[in-house]
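Only one structure is covered here, and it is reproduced in the block below.
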There are 2 protein chains.
Amino acid sequence: MSSEFIATVRRFNRTVTQRVGALDDQYMSRDRPLAQARLLWEIGPGGTEVASLRARLGLDSGYLSRLLRTLESDGLVTVGPAGQAGGDGRVRVAALTEAGRAEWAELDERSDELARSILEPLSGQRRERLVAAMAEVERLLVSSMVVIEPCSPGDPRARAAVRAYAREIAQRFDDGFDPALSRPVRDEDLVPPAGLFLLATLNGEPVGCGAIKLHAGAPAEIKRVWVSDGVRGLGIGRRLLDQLEGHAAEGGWTAVRLDTNRNLTEAIAMYRAAGYREIEPYNTERYAHHWFEKRLR
Amino acid sequence: MSSEFIATVRRFNRTVTQRVGALDDQYMSRDRPLAQARLLWEIGPGGTEVASLRARLGLDSGYLSRLLRTLESDGLVTVGPAGQAGGDGRVRVAALTEAGRAEWAELDERSDELARSILEPLSGQRRERLVAAMAEVERLLVSSMVVIEPCSPGDPRARAAVRAYAREIAQRFDDGFDPALSRPVRDEDLVPPAGLFLLATLNGEPVGCGAIKLHAGAPAEIKRVWVSDGVRGLGIGRRLLDQLEGHAAEGGWTAVRLDTNRNLTEAIAMYRAAGYREIEPYNTERYAHHWFEKRLR
DNA sequence: GTATAAGCCTGACTAAAGTCAGGTATATGA
DNA sequence: TCATATACCTGACTTTAGTCAGGCTTATAC
């Protein structure tokens, strides 16, 4: 990687942590410890499950409990059982009280202030350029924060991703989607050595997936490629494809193929851009209109 | 200011502090407390005055002393009197030992690593876009960190700025610059109500200046507009001009003028862009080739 | 039903970060 | 020369952040 690039990123890191990072802490913690302020902020007006707070802030379970007790005794927060009847009885939800919402609004206001203090000194034109560049950096940073890892298809996060995938195609296919009418995919076919399931996560939340079946004596088959709405257009789909193809190539396969629906236009565009060529149908998938193949070097 | 802009800046702040800020801390403090690592880093291979460290890191004097003692007893740093003979005998300089330099290099390497970890997951094209956007953000953030304030012309930082100004024009004028041959500017003419001296600083370091003399019964006169090399092109000159003009306008002046040398082409371009029109010479300044005037609203 | 795991909690602890009140030596202005 | 300020230091202290072991309750797999 070019040292020019590295140098630019380092300069960026330094300037930004100085200007934004340090000030953010300052703004946040004007009258209570930083950890408490952050927690209060993260709970938000809508309330949040304790487990989710732990994950997002990366805190020790005991430490978080103690922080919650402090906020509770300050009358800012109530921690109670999860609202949903029939839900997991172990899960607890932190919610803001009236006073807590007021303090949250104060933090929100400070966050606005910080943003204003950054834009204020700039002339109109420069201001627009800064905002545009920030939007670009933000988007690309998010994309670089997405982690793609092999995952058991039985993992709850994998299940959630596949459910989201099914929900989406049900919405987009002309005639909905009934799994019973589609060619089934069994979990065990997506576990090495038979295949592989990849999960893409952003801060632990599933935002994409993709799987490959390594058919004996036939091209490998790519299935269930899905990228969540919020992170589309960031190249996640392409990264999933690349890794799946890499896995097949490592196993000695020389071609991969897949079928897809005519309504999934971005996906089709992506397959073409990634080097897939349209081929004759190789199966009788009820919902497929296009079949693609890519030869691996 | 548009709430759209604010929202973008806030999203940026959040993503970046998460991705860069948090990781930066982690990378930095892998085997010693964050404060120590930061300090070691800030001292750098060249050594740094203790006062400057205090300012840059914003630390309590006692706390900093203690941190330095720790690094000293770990054999990483030596703190001694400032090198320069005849200098201020109270000032002390922290310098890295051999071991300190090694550890500094390690931190430097980690900083590279962090940068790489950000770029790594991106495809070539996205990588380029990210780096370009980061460079833009960095530049504009720096410009928004520059603080412009009235300052006594006798202030050491003001003196330093004026010295830098003189050094630069001496270099750029065809026949050098001898203050004795130029029309003199007395400090007291740049102090309210006779005039005003503005100092532009970045993290406390002077990076620009500008002054105005409010002549009784004549247009106000702008003098000593200088912007340091490193922050040129960020609109600092324009901000200095705006504030000086504003000061004159508040005092009831309806026009400002200035003289300049033909070699200062960017300055001349800036004056024109800011609404200055070239006029006949209004003085006999030895080094001037152009005279400009701007009418205030 | 039983074993095991997950989610949250408390108690006991440590390390890091930061504050404050002086103290010493050097510099500076009258 | 003397009063005052500055740069750095030490000692004594508090707060914040974080860790770890274990406990209780609810869920899940067999």
Side-chain angles (χ1 to χ4, degrees), chain A residues 22 25-26 28-40 42-43 47-74 77-95 152 154-157 159 204, chain B residues 22 25-26 28-40 43 47-74 77-95 154-156 204:
Chain A
D25 291 1
Q26 253 185 344
M28 270 293 213
S29 72
R30 233 157 30 203
D31 27 46
R32 71 175 57 250
L34 188 56
Q36 282 178 38
R38 268 200 216 299
L39 175 55
L40 187 72
E42 205 64 41
I43 292 170
T48 308
E49 294 186 357
V50 172
S52 160
L53 293 171
R54 201 168 41 233
R56 279 196 247 163
L57 295 166
L59 299 177
D60 173 86
S61 154
Y63 184 31
L64 176 57
S65 269
R66 205 174 320 282
L67 286 173
L68 284 170
R69 287 305 85 64
T70 309
L71 291 178
E72 223 169 13
S73 76
D74 285 1
V77 159
T78 54
V79 179
Q84 240 180 337
D88 191 326
R90 294 167 302 181
V91 172
R92 310 238 289 155
V93 165
S152 154
D155 185 293
R157 295 170 310 159
R159 293 268 185 248
Chain B
D25 291 1
Q26 253 187 339
M28 270 292 213
S29 71
R30 227 149 42 197
D31 28 46
R32 71 175 56 250
L34 188 54
Q36 283 178 38
R38 269 200 216 299
L39 176 55
L40 187 73
I43 292 170
T48 308
E49 293 186 358
V50 172
S52 160
L53 293 171
R54 202 165 41 232
R56 280 196 246 164
L57 296 166
L59 299 176
D60 173 85
S61 154
Y63 184 31
L64 176 57
S65 268
R66 205 175 319 284
L67 286 173
L68 284 170
R69 286 307 84 66
T70 309
L71 291 178
E72 223 170 11
S73 76
D74 285 3
V77 160
T78 54
V79 179
Q84 239 179 339
D88 191 326
R90 295 167 302 181
V91 172
R92 311 239 289 159
V93 166
D155 185 293

Quiz item: If only side-chain N and O atoms of R92(A) are considered, is one of them under 4.0 Å from the OP1 or OP2 phosphate oxygen of dC9(C)?
Solution: yes

Quiz prompt | N-O pairing of R38(B) and D25(B) below 4.0 Å | solution = yes

Exercise. Using a strict cut-off of less than 4.0 Å between a Lys/Arg side-chain nitrogen and an Asp/Glu carboxylate oxygen, indicate whether D60(B) and R54(B) qualify as a salt bridge.
Key: no

Exercise. For S61(A) and for L34(A), find the nucleotide of DNA chain D with the closest heavy atom, then tell me which residue's nucleotide is more 5'.
Key: L34(A)

Quiz item: Can you check the D74(B) CG to dA16(C) P distance for me, whole Å?
Solution: 11 Å

Practice problem: Between R54(A) and R66(A), name the one whose nearest nucleotide on DNA chain C is closer to the 5' end. | Solution: R54(A)

Quiz item: How long is the line joining OH of Y63(B) and C1' of dA12(D), in whole Å?
Solution: 16 Å

Exercise. Spell out yes or no: do the side chain of R90(A) and the base of dT25(D) have one donor N/O and one acceptor N/O closer than 3.5 Å?
Key: no

Quiz item: Would you find a donor on one side and an acceptor on the other, under 3.5 Å apart, between the side chain of T48(B) and the backbone of I43(B)?
Solution: yes

Quiz item: Looking only at atom types and distance, does a side-chain atom of E72(A) sit under 3.5 Å from a main-chain N or O of V79(A), one as donor and one as acceptor?
Solution: yes

Quiz item: Is any side-chain nitrogen or oxygen of R69(A) closer than 4.0 Å to OP1 or OP2 of dT10(C)?
Solution: yes

Quiz prompt | Along DNA chain D (nearest heavy atom to each residue), the more 5'-positioned of R32(A) and G62(A) | solution = R32(A)

Quiz item: Atom CG of L64(A) to atom C1' of dC20(D): distance rounded to whole Å?
Solution: 16 Å

Exercise. Find the distance L67(A):CG to dT19(D):P and express it as a whole number of Å.
Key: 12 Å

